[in-house]
Structure formats: structure tokens, C-alpha cells
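This structure is a prediction, so every number in the text was calculated from the model and none was measured. Every number for a ligand or one of its atoms is a count from 1 in the order of the listing.
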Amino acid sequence: MPAAEMDGQEADGRRRPCDQVRVRVPATSANLGPGFDAFGLALTLYDDLVVTPGGSGITVQVTGEGENDVPLDETHLVVRSIRAGLEALDAPVPGFTLRCENRIPHGRGLGSSSAAIVGGLAAAYALAGVPLDRDRLVVLANELEGHPDNVAAAALGGFTIAWTESGVPNPGGRAIKLEPAGIAAIAYVPDNRVLTKEARGLLPGVVSHTDAAANAGKAALLVAALTGHPELLLTATEDLLHQEYREPAMPESLALVHKLRGSGLAAIISGAGPTVAVLAQPDGKTAGQGAGSGGRAVSFRGAPEAPDGWTRYELGIDPVGVQVWSMEAG
Ligand SMILES: Nc1ncnc2c1ncn2[C@@H]1O[C@H](COP(=O)(O)OP(=O)(O)O)[C@@H](O)[C@H]1O
Ligand SMILES: N[C@@H](CCOP(=O)(O)O)C(=O)O
């Protein structure tokens, strides 16, 4: 029998055991220019997971993105995240079958690893029969991912500002969610991957005070631009902390960012790249979207077609973040 997120609670707050858990988790674009390791936007492109508890071991089935290269054993990122979640919730760790239908490209800067982590942790809440606590989800996901920006947007939806709290009883990732005002995104996704770890390795240990000060101002301005002043998006998406340093790993992406910005579009490197994203208020025309997108049509005046070998996604903003459904035992 299908059940909504909070139905069917036992007296101890845990829910009855379930036959199956279904999870839908959005892609995310992090940084958005000057908001390095802080800003995230949840996008209407999704991975779907189905977890069926049973037995003592695990079986993993993957279709779509990564189907030929992700491991199908205990090292699979979703499996590791389910296990970590169950352990954090003091829940027994059963065997299970995991089915993944992946649409978020891997190693492109659209938060595939964060989606895998947030999706796996959210599944663990349902398997443990514990109501989803999105704030704790951000804490746990940040521990696994190492930076809180994408996981915050995947967990909460919308436009998120994340930070790391220290010196408190429950340290780690924190985030606040704001409502983006009619913003949508075009993602230009190249064929090649750049792993986030590699792109982080290109960043300098120290930046100048001048750059830091200018970047802080732009980041603050971007909050205003995204929440009601879209006319400021182009200037507010200028970054001085990461994009240019990453050029050696993604020269074509930087060239595309410069070209699009030169034509007045607020183009940025999405996450650690190499995807290029354009942020704008859609002009109201309807355009088709890929499978798994959230059904919201967007269009951008003047945004070109994808270069040869690249894929162009027109995406809205996912407003809710990860969603979980339990199918309860009858
Ligand atoms: N859905 C998934 N299932 C299993 N592993 C995944 C999944 N998504 C991402 N990963 C792992 O994370 C890697 C990509 O992570 P990362 O370099 O952070 O790029 P991205 O920008 O896509 O998050 C993949 O190569 C794969 O090892
Ligand atoms: N702030 C991180 C964001 C990485 O995002 P991803 O989508 O590339 O994993 C960074 O810039 O390293």
C-alpha cells in the first residue's frame, strides 16, 4: 500500500517496516559564480532510486548515466550512503536490492555524487522508519561529500546558501533555503568528465584581498539577483575564486562562458565543471524538456544551441529537494 512521507507512524515515532522505498533526487548546480562552496540551485533533472529490503546481501541494478562504469557492489555511492544513514540512525542494516534510474550526468558539475549521497541517506530514513529530518540530512550528506553546497540544494530544493558550523554540539553542514524569483537555467553539458576532486586540486591555497573583497560583494549581490533582481544576474555572477583557475581542466567551457557572457547572458561554470550554466528569467516561450525533468517549460532569448558534441538541457528550479515514498507492508 503506498504511503505518504509522514504516514503510518508507530508510538516510538518510527514507522512500520516497508516493502519498498522510492526516492527522487534532483541535480544541482553549485557555486553559481561567486558562491564557491556556499550557493546551490536544485534543478528539474532527477535520479530515481528504488530500494527493496530483503536477504542479507545487496544487489545493485543501474540504468542510464553511469550504467557502464559505476561499481555494482558495496562501494557503490548510493549503497555506501544507505549504509551510513542506517548506522547514523542506529537502525539495523538489512540486505536490499537497489535499482537506480540515473539521468544526472556524472563528473560534469551537476551534483551527481551529491544526489547519490542525499538519495541514499533519504532512503535510509525510510528503511529505518524514521521521518525525514532534512536539516540532519544536510549534516550527514556534508560529511560524506566534503562540501555542503550541492547536498544542501539536493536536500532542500530551491536556492540554498550553505555553510559549515563548528564548535557547536552538532557541527557540520548547515543551509538556508530561499525562493528564487522566476529563475531557470540552461545547462550546456560537454562529453568529457572532470572529477570534482581534480578540479578542486587546481585551486590556489591563497587569493588576494582585492579578489576576496570583490567576490564577497558579488556573492551578496547574487542573493538579491536570484530573489528578485534578475537584471543584476550578469554582474552578480562574476567570480574571482575558482572558475579561471580551473581553465586548464576545461578550456572549452571557459571559452563558452566568456562567449555567452560577452553576449549578455549570465553564464557560469556549474559546480566544479565542465558544464556551463546560464541563469535567467525565462522569456515565457515554451520549450521541450528531457525525460525526468519536472514538467516546467523554459526558454531563453539569445541562448544558442549546444556546440557540437555538447548536450543542452533547459531546466526549471526544483522547489522541494529529495522526495521519499514508502510502500508499506500490508
Ligand atoms: N548515481 C550514482 N551512483 C553511483 N555513483 C555515483 C553516482 N553519481 C555519482 N557517482 C560517483 O561520483 C563520481 C562523480 O562525482 P563528482 O566528481 O563529484 O562529479 P559530479 O559533479 O557529477 O558530482 C562518479 O564518477 C561516480 O563515481
Ligand atoms: N563547490 C564545489 C562544487 C562541486 O560541485 P559538483 O557538481 O562539481 O560536484 C566545487 O566547486 O568544487
Side-chain angles (χ1 to χ4, degrees), residues 23-43 45-51 58 60-83 98-123 141-142 144-154 160-164 173 175 185 187 189-190 192-204 215 219 239 241-246 249-250 253 268-277 292 322:
V23 177
R24 169 161 272 211
V25 59
T28 49
S29 183
N31 302 328
L32 310 179
F36 181 75
D37 273 2
F39 291 175
L41 208 50
L43 302 171
L45 177 70
Y46 301 96
D47 281 353
D48 287 318
L49 309 175
V50 180
V51 188
I58 58 145
V60 183
Q61 300 159 357
V62 178
T63 55
E65 298 290 339
E67 67 183 359
N68 296 321
D69 41 50
V70 295
L72 301 177
D73 57 19
E74 288 286 348
T75 64
H76 186 279
L77 190 52
V78 177
V79 174
R80 281 169 42 211
S81 306
I82 293 174
R83 295 258 191 250
L98 167 67
R99 222 169 61 228
C100 305
E101 197 176 329
N102 294 340
R103 301 186 189 87
I104 307 170
H106 289 187
R108 306 300 211 295
L110 288 169
S112 73
S113 54
S114 292
I117 290 167
V118 167
L121 289 170
N142 176 52
L144 292 171
E145 179 70 324
H147 49 89
D149 44 358
N150 304 85
V151 296
T160 48
I161 306 173
W163 69 97
T164 304
V189 184
N192 61 302
R193 295 182 184 194
V194 175
L195 292 180
T196 302
K197 199 173 162 201
E198 180 194 338
R200 290 180 85 83
L202 293 170
L203 302 179
N215 204 81
D239 155 73
L241 292 189
H242 74 105
Q243 295 189 168
E244 297 297 329
Y245 295 111
R246 288 171 157 168
M250 52 195 90
S253 300
I268 50 155
I269 296 291
S270 180
T275 289
V276 173
V322 67

Task: For Asn31, atoms of ligand 2 separated by under 4.0 Å from a heavy atom - done: 1 (N), 10 (C), 11 (O)
- [ ] Have a look at Arg108, His106, His147 and point out the one with the heavy atom closest to atom 4 (C) of ligand 2.
- [x] His147
TODO: Name the closest protein heavy atom to atom 24 (C) of ligand 1, giving the residue it belongs to and the distance to 0.1 Å.
DONE: His106 ND1, 4.1 Å
Open item on the list: Below a 4.0 angstrom heavy-atom separation, can you tell me which part of Leu195, side chain or backbone, both or neither, approaches ligand 1?
Closed with: both
Open item on the list: Looking at ligand 1, is there an atom of it that comes within less than 4.0 Å of some heavy atom belonging to Gly66?
Closed with: no
Open item on the list: Counting only heavy atoms closer than 4.0 Å, does ligand 2 sit against the backbone of Glu198, its side chain, both, or neither?
Closed with: neither
TODO: Tell me which protein heavy atom sits closest to atom 21 (O) of ligand 1, plus the residue, atom name and distance to 0.1 Å.
DONE: Gly109 N, 3.1 Å
TODO: Please write down residue, atom name and distance for the protein heavy atom closest to atom 9 (C) of ligand 1.
DONE: Ser112 OG, 3.1 Å
TODO: Have a look at ligand 1 and work out which part of His76, if any, has a heavy atom under 4.0 Å from it: side chain, backbone, both or neither.
DONE: side chain
Task: ligand 2-proximal atoms of Asp149, by part, heavy-atom distance under 4.0 Å - done: side chain
- [ ] Please report which non-hydrogen protein atom sits nearest to atom 16 (P) of ligand 1, along with the residue it belongs to and the distance in Å to one decimal place.
- [x] Thr196 OG1, 3.3 Å
Task: Atoms of ligand 1 close to Ala116 [distance to a heavy atom under 4.0 angstrom, numbered from 1] - done: 1 (N), 2 (C), 7 (C)
- [ ] Output the list of atoms in ligand 1 that are nearer than 4.0 Å to some heavy atom of Asn102, sorted by atom number.
- [x] 1 (N)
Open item on the list: Among all protein heavy atoms in this structure, tell me which lies nearest to atom 5 (O) of ligand 2, with the distance rounded to 0.1 Å.
Closed with: Asn150 OD1, 3.1 Å
Open item on the list: Using a plain distance cutoff, I'd like to know if Gly107 has any nitrogen or oxygen under 3.5 Å from a nitrogen or oxygen of ligand 1.
Closed with: yes
Open item on the list: Once you restrict to heavy atoms under 4.0 Å, what part of Ala30 touches ligand 2? Side chain, backbone, both or neither.
Closed with: side chain
Open item on the list: As an exercise, identify every atom of ligand 1 less than 4.0 angstrom from a heavy atom of Pro105.
Closed with: 22 (O)
Open item on the list: For atom 10 (N) of ligand 1, what's the nearest protein heavy-atom neighbour? Residue, atom name and distance, please.
Closed with: Leu77 CD2, 4.0 Å
Task: Nearest-neighbour protein heavy atom for atom 12 (O) of ligand 1, which is reported as residue plus atom name and distance - done: Ser113 CB, 3.7 Å
Open item on the list: I want to know if ligand 2 touches Ala272 in the polar sense, i.e. an N/O pair below 3.5 angstrom.
Closed with: yes
